[in-house]
Number of protein chains: 2
Amino acid sequence: MRRSEIRNHLLETALRLFNEHGYQATGIDLIIAEAGVAKTTLYRHFETKEDLILAALERRDEEDRSAMRAFVDDHATDPLERIFATFDFLEAYVDDWRFSGCIFVSAAGEHKDTVDPVFRAAVMHKRLTLAYFEELVHAARFVEPKRIAAEIHLLHEGAVVVAQMSRTAEPVRQARQMARKLFATAEQSPLSRSAPHAAPGAKA
Amino acid sequence: MRRSEIRNHLLETALRLFNEHGYQATGIDLIIAEAGVAKTTLYRHFETKEDLILAALERRDEEDRSAMRAFVDDHATDPLERIFATFDFLEAYVDDWRFSGCIFVSAAGEHKDTVDPVFRAAVMHKRLTLAYFEELVHAARFVEPKRIAAEIHLLHEGAVVVAQMSRTAEPVRQARQMARKLFATAEQSPLSRSAPHAAPGAKA
DNA sequence: ATCTATCGATACAGATCGGTATCGTTTAAT
DNA sequence: ATTAAACGATACCGATCTGTATCGATAGAT
């Protein structure tokens with residue numbers, strides 16, 4: 001294995017095991033065994049296990065959010081439909097056979113102290129995801145974009161947790177239906193959302 | 001301390017510590033130290049740590065659901081308002097300074113194997129909670145009661161997870177608003193709910 | 001081709017884990 | 001008052017944990 005690939009390989013292996021068994025339950029020895037790497041090698045790339053967890057979460061954060069962006073860009077152009085497309089992305093995410101809950105929620109559940117770096121990393125992921133929702137909602141010209149974005153976020157989180165327990169993607173489909181019902185009646189800006197010319201204060 | 005109280009005391013102590021630090025992170029030694037009890041005593045009441053976890057979850061399950069029932073009974077008589085009262089209960093639950101996320105979701109996050117008894121116990125709690133929602137929805141004469149109950153459940157779970165990250169009760173209030181908007185337009189049975197006159201029993 | 005940094009393998013340290021064994025003391029029921 | 005069970009305290013077991021030390025082999029860059 002090439003030198004520069006080891007770090008990536010370690011992160012991917014750790015991420016997979018964290019997702020399968022959790023953080024505390026995943027020992028360093030298991031990670032290096034699955035990665036086929038010596039313990040010294042792991043500790044040359046990551047100072048502590050916590051550093052490995054943080055690096056893994058950071059990587060997954062970027063992966064997830066850029067994957068959602070790409071999915072939305074690929075599947076919808078209409079600003080309103082782009083909002084609903086996030087639920088389609090979520091459905092595919094939950095339908096993966098490796099799915100066993102949101103790893104950030106699990107990370108927050110295992111590191112409950114609000115000053116714990118792992119907890120803070122989980123919170124940061126949710127904040128960045130919420131910020132993307134705000135972009136989408138803003139582009140759809142909703143009034144109170146922050147409120148609508150928070151509602152989308154809440155639906156996403158609820159769907160994922162229920163899906164984690166029921167091991168079905170049905171909660172995600174239900175969340176999308178709820179979103180459609182909620183945002184069909186949500187008042188939009190006087191300048192209708194399909195207006196090709198930019199509305200004042202448009203961010204993206 | 002009286003003999004019969006030891007088991008209860010152990011369960012309460014364990015529950016508190018599990019809620020503070022999680023399950024794996026809470027060692028037996030910490031539990032007995034906080035409970036002021038010898039290790040032999042703990043193992044005379046519970047065969048293994050897993051048994052202690054399961055007993056704690058079972059206890060908490062019954063406590064939570066009976067507390068929600070009592071709250072709803074106390075705060076609303078109108079069948080529709082009783083549904084919304086569950087969100088008021090949830091708000092008080094989340095507003096507690098000891099709140100750090102749903103212990104059943106955390107339990108499922110730390111025991112991801114679907115055949116793990118702890119995971120199954122967490123799932124059972126959610127199923128029983130959902131069943132109660134179905135009772136409430138049925139009493140409110142909604143068509144498709146199971147669908148409506150699942151939506152309430154999804155809103156609850158989403159609110160709790162977002163509240164876990166933000167450490168605010170605001171997500172719960174938002175979830176209640178979403179429920180009001182969703183179920184205001186939800187079609188009810190031809191026999192409209194019994195009280196056509198102004199809603200009594202709404203919370204103060 | 002040589003040098004240097006990183007690799008794999010292994011052994012080990014020190015702490016902590018869940019759980020057991022022992023024993024003297026206390027408590028509840030007869 | 002006596003008996004039997006549960007108690008507290010403590011020492012201990014084997015396993016596992018994160019992290020370090022050592023050392024020969026290997027690979028990248030010059």
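These numbers come from the heavy atoms of this one structure, side chains and all, not from hydrogens, waters or symmetry mates. Keep in mind the model is a prediction, meaning the values are calculated, not measured. Protein chains get the first letters and strands the later ones, always in sequence-line order, with residue 1 at the start of each.
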Sequence neighbours excluded and cut-off under 3.5 Å, please list the side-chain donor-acceptor pairs for residues 116-125 of chain A, or say none.
unit_1, atom_1, unit_2, atom_2, d
A:Asp116, OD1, A:Val118, N, 2.7
A:His125, ND1, A:Asp61, OD1, 2.7

For this session: Ignoring backbone atoms, test whether A:His45 places a side-chain nitrogen or oxygen under 4.0 Å from the OP1 or OP2 oxygen of C:dC7.
Result: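 Indeed, a polar side-chain atom of A:His45 lies that close.
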For this session: Using only side-chain N and O atoms of B:Thr41, determine if any of them is under 4.0 Å from OP1 or OP2 of D:dG8.
Result: yes
Seminar exercise, completed: B:Tyr43 has its side chain closest, among C:dC7, C:dG18, D:dG19, to C:dG18
Check the distance between [N]'s [atom2] and [X]'s [atom1] and give it to me in whole angstrom.
| X | N | atom1 | atom2 | value |
| --- | --- | --- | --- | --- |
| B:Ile31 | C:dT16 | CD1 | P | 16 Å |
| A:Leu30 | D:dA15 | CG | P | 19 Å |
| B:Glu5 | C:dT27 | CD | P | 14 Å |
| A:Asp29 | C:dG8 | CG | P | 15 Å |
| B:His9 | D:dC7 | NE2 | P | 12 Å |
| A:Lys49 | D:dT18 | NZ | P | 4 Å |
| B:Leu10 | D:dA6 | CG | P | 15 Å |
| A:His21 | D:dT16 | NE2 | P | 15 Å |

For this session: State, yes or no, whether a side-chain contact exists between A:Asp51 and A:Tyr43 at a heavy-atom distance under 4.5 Å.
Result: no
Problem set entry | Earlier contact from the 5' end, DNA chain D, for A:Ile28 and A:Arg44 | A:Ile28
Exercise. Any chance the side chains of A:Thr129 and A:His153 put a donor and an acceptor closer than 3.5 Å?
Worked result: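 Result is no, nothing qualifies.
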Exercise. Can you pull the salt bridge (charged side-chain N to carboxylate O under 4.0 Å, His left out) pairs that have at least one residue in residues 96-110 of chain A, sequence neighbours excluded?
Worked result: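 Listed by first then second residue: A:Asp96-A:Arg98.
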For this session: Determine which pairs satisfy salt bridge (charged side-chain N to carboxylate O under 4.0 Å, His left out) with at least one residue from residues 165-179 of chain A, sequence neighbours left out, and list them in order.
Result: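 Passing the test, one end in residues 165-179 of chain A: A:Asp88-A:Arg176, A:Glu91-A:Arg173, A:Glu91-A:Arg176, A:Glu170-A:Arg173.
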Problem set entry | Angle between terminal axes - the helix from C:dA1-D:dT30 to C:dT30-D:dA1, 5 pairs each end, rounded to 10° | 30°
Exercise. With sequence neighbours excluded, what pairs up with A:Ile32 under the side chain to side chain contact (heavy atoms under 4.5 Å, CB included) test?
Worked result: A:Ile28, A:Asp29, A:Lys39, A:Leu42
Seminar exercise, completed: Sequence neighbours excluded, the answer for side chain to side chain contact (heavy atoms under 4.5 Å, CB included) partners of B:Arg44 is B:Thr40, B:Thr41
For this session: Not counting sequence neighbours, which residues clear salt bridge (Lys or Arg N to Asp or Glu O under 4.0 Å) with A:Lys126? List them please.
Result: A:Glu157
Seminar exercise, completed: A:Glu20 meets the salt bridge (Lys or Arg N to Asp or Glu O under 4.0 Å) criterion, sequence neighbours left out, with A:Arg16
Could you pull out the protein-nucleic contacts involving nucleotides 9-12 of chain C (nitrogen or oxygen on both sides, under 3.5 Å)?
unit_1, atom_1, unit_2, atom_2, d
C:dA9, N6, A:Thr40, OG1, 3.1

